[in-house]
Amino acid sequence: MAESCEVLIIGGGPAGYAAALQAARKGFAVTLVEKEAIGGTCLNRGCIPTKALLSATEPLDRQEAWGEMGLRPQGGLFVDTDALRSFSSRCVEKLVGGVEFLLEKRKVRILRGEGRFAAPGLVTVAGADGIVTELAPERVLIATGSRSHALSMAAEDGERVVSSDRLVTVPSVPERLVIIGAGVIGLELGTLYRRLGSKVTFIEMLPGLFPFCDNDVAAHASAAFRKQGLVFNFKAALTEVQTAGPACKIIFKNAKGEDQFLEAEMVLVAVGRDPKSDGLGLEKAGIETNERGFVKTGEHWQTTAPGVYAAGDVRGGLMLAHKATHEALAVVSHWAGEAEPMEKPYIPNVVYTHPELAVVGLTESQAKAQGAARLKAGKFPFRANGRAITASDEEGLVKIIADPTTDEILGAQILGPSASELVHIISVAMSSGARLKDLRHVIFAHPTLSETVHEAILAAAGEPLHQL
Ligand code: NAI
C-alpha cells in the first residue's frame with residue numbers, strides 16, 4: 001500500500017532543496033528524495049568546489065601585481081594540493097551540512113534512494129539497502145538536474161579523459177591539459193589548472209568565446225585569457241582522442257580543415273550538459289520530454305502530467321543554480337496559491353574567470369536582432385577606475401545598453417574585477433523598472449568598482465564624465 005504524501009520532491013540540488021525548504025515553511029508535509037548527496041551538482045561537484053579552488057588559487061595570478069605594489073613573497077608561492085583539496089571539501093561540507101540542518105529543522109523528510117514513477121500518481125523510492133518505499137504524492141517536483149554531455153570520440157575513462165565531476169577533485173595537475181569546449185566549465189577549470197601550472201589548450205567548434213555576449217566584449221575577454229597563456233583553437237572539429245600511448249593524442253581539424261593533433265596528459269570534455277531524466281519512469285506517468293530529454297513544462301512549470309512539475313536543469317534553458325532555485329520557489333508559490341514571482345526574470349549569467357564576466361538582460365546584438373533600430377550604449381573601462389587602478393586589477397569594461405525612446409535599461413555586460421557582484425546593480429535596476437535617468441543621479445561611493453557601472457550609465461545617457 002503506497003503511503004500518501006503531500007509534496008514529493010525528487011532531487012536535492014538548488015531547485016529541490018529550495019523547494020523543500022520553502023514548501024515546508026508554508027506548511028506542506030514534504031518528502032525529499034535524493035540518491036546521492038544533498039546539494040546536487042552545484043554544492044558537491046560544481047559551483048562551490050570550483051569557486052573554492054578558484055578563490056584559493058587567485059593569489060597565484062596576483063603575483064605580478066603584488067610585485068608592482070612592492071610585495072615580494074620570498075621564494076614564490078607553493079601550492080599544497082592536498083591542503084587545497086581539503087579546503088574545497090570543507091567548503092562543500094559546510095554548505096551541505098547547512099542545508100541538511102535547515103531541512104531537518106523544517107521537518108522535511110529525506111528519503112535516501114532513487115525515485116522513479118511507477119504509474120500516474122505513484123512513485124517508488126529504492127534505497128541502497130534494497131528497501132523500496134511506495135508513495136502516492138499529491139504534488140511532485142522533478143528536480144533531478146543534469147550531467148555532463150559525453151562525446152563518443154572522447155570516451156571518458158575517469159583517469160585521463162574526464163568530465164568536470166572528476167577534475168574538480170583535482171586528481172592531479174597534468175603538465176598539459178586539453179579542454180574540449182571553451183564554454184563556462186572549460187574556461188573556469190582551464191583558469192584553475194593554468195594557475196596550478198598546466199599548459200591549457202582548448203578545442204572549440206565556435207569561432208570565438210561567449211556567444212551570449214557582444215563581439216567587442218567577447219574579443220576583450222579572449223585577448224585577456226590569451227595573455228594569461230590559455231591557447232584557443234576556434235572553429236575546430238574534434239576527430240578523436242586516442243589514449244593508447246603514454247600521452248593522450250587529440251586529433252582535430254583546424255579552422256582551415258587541416259588535420260592537427262595535440263598531446264596531453266589529461267583531456268577534459270566540457271561540451272554542455274544533458275538532463276537527468278532517463279531512468280525516472282516518466283513515460284509511465286505520462287510526463288513528456290523533448291528530443292534531448294528535457295522535461296516539457298507549461299504554465300506554472302507543470303509537466304504534461306497533472307500535479308507533476310519540473311524545475312532547474314532537467315527542464316532546460318539556462319543551466320544555472322540561481323535560475324533553478326527561482327523556478328522551484330515559483331512552483332511552491334503556485335502550490336500555495338500565492339502570486340508567483342516574475343515569469344521572465346532577469347537572470348544574471350556569470351563566468352568566474354579572471355577577469356570575471358557577468359551578463360544580464362540583452363546584449364546590443366540581441367536587441368538589434370529583436371528589431372531595435374537604435375540603442376543607447378555606454379561603456380567604461382576598468383583601467384580608468386580609481387579602485388581598479390589602486391588594486392592593480394584593471395582588465396575589462398562595463399557595457400550598458402538602453403532603449404533611446406523609453407530610457408529603459410535593456411542589459412549589461414561586465415568583464416572585470418568583481419563583475420559577479422557588480423552585475424546586481426543592473427539586475428536590481430532592471431527588475432524594479434528603473435530608467436537611465438533614475439540611475440544617473442544615484443550617488444556611488446568613491447573610490448569603488450561600482451563607479452564603473454555608474455560611468456557606463458552616464459555614457460549611455462550621453463553624459464560621459466571621466467572619459468572623452
Ligand atoms: P557550455 O554550453 O557553456 O559550453 C560548451 C562549449 O562546448 C560550447 O562553446 C560549444 O560550442 C562547445 N562544443 C560543443 N561540442 C563540441 C565539440 N564536439 N567540439 C568542440 N567544442 C564543442 O557548456 P559547459 O561549459 O559544459 O557548461 C554546462 C552548463 O553549466 C552551462 O549551461 C553553464 O551555464 C553551466 N555552468 C555555469 C557556471 C556558472 O554559472 N558560473 C559554471 C559552470 C557551468
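One is the number of the first residue; the rest follow in order along the sequence. Every number for a ligand or one of its atoms is a count from 1 in the order of the listing.
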For this session: Search all heavy atoms of G386 against all heavy atoms of P447 and return the closest pair with its distance.
Result: C-CB, 4.5 Å
For this session: Give the contacting part of H149 toward ligand 1: side chain, backbone, both or neither, where contact means a heavy-atom distance below 4.0 Å.
Result: neither
Exercise. Which atoms of ligand 1 are found less than 4.0 Å from any heavy atom of V350?
Worked result: 39 (C), 40 (O), 41 (N)
Exercise. Side chains of I10 and F117: closer than 4.5 Å at any heavy-atom pair?
Worked result: yes
For this session: With heavy atoms of L320 as the reference, note each atom of ligand 1 found under 4.0 Å away.
Result: 34 (O), 37 (C), 40 (O)
Exercise. By number and element, which atoms of ligand 1 are closer than 4.0 Å to a non-hydrogen atom of A270?
Worked result: 5 (C), 6 (C), 7 (O), 26 (O)
Exercise. Side chain of S86, backbone of D82: donor and acceptor closer than 3.5 Å?
Worked result: yes
Exercise. Which atoms of ligand 1 have any heavy atom of R273 under 4.0 Å away?
Worked result: 28 (C), 29 (C), 30 (O)
Exercise. Would you say T239 and F261 make side-chain contact, with heavy atoms under 4.5 Å?
Worked result: no
Problem set entry | For I203, atoms of ligand 1 separated by under 4.0 Å from a heavy atom | 20 (C), 21 (N)
Seminar exercise, completed: A student comparing I180, V184, T50 should find that the heavy atom closest to atom 37 (C) of ligand 1 comes from V184
For this session: Could you say whether the N/O atoms of G272 and ligand 1 ever approach to under 3.5 Å?
Result: yes
For this session: Using only heavy-atom distances, determine whether the side chains of E395 and H354 contain a donor-acceptor pair under 3.5 Å.
Result: no
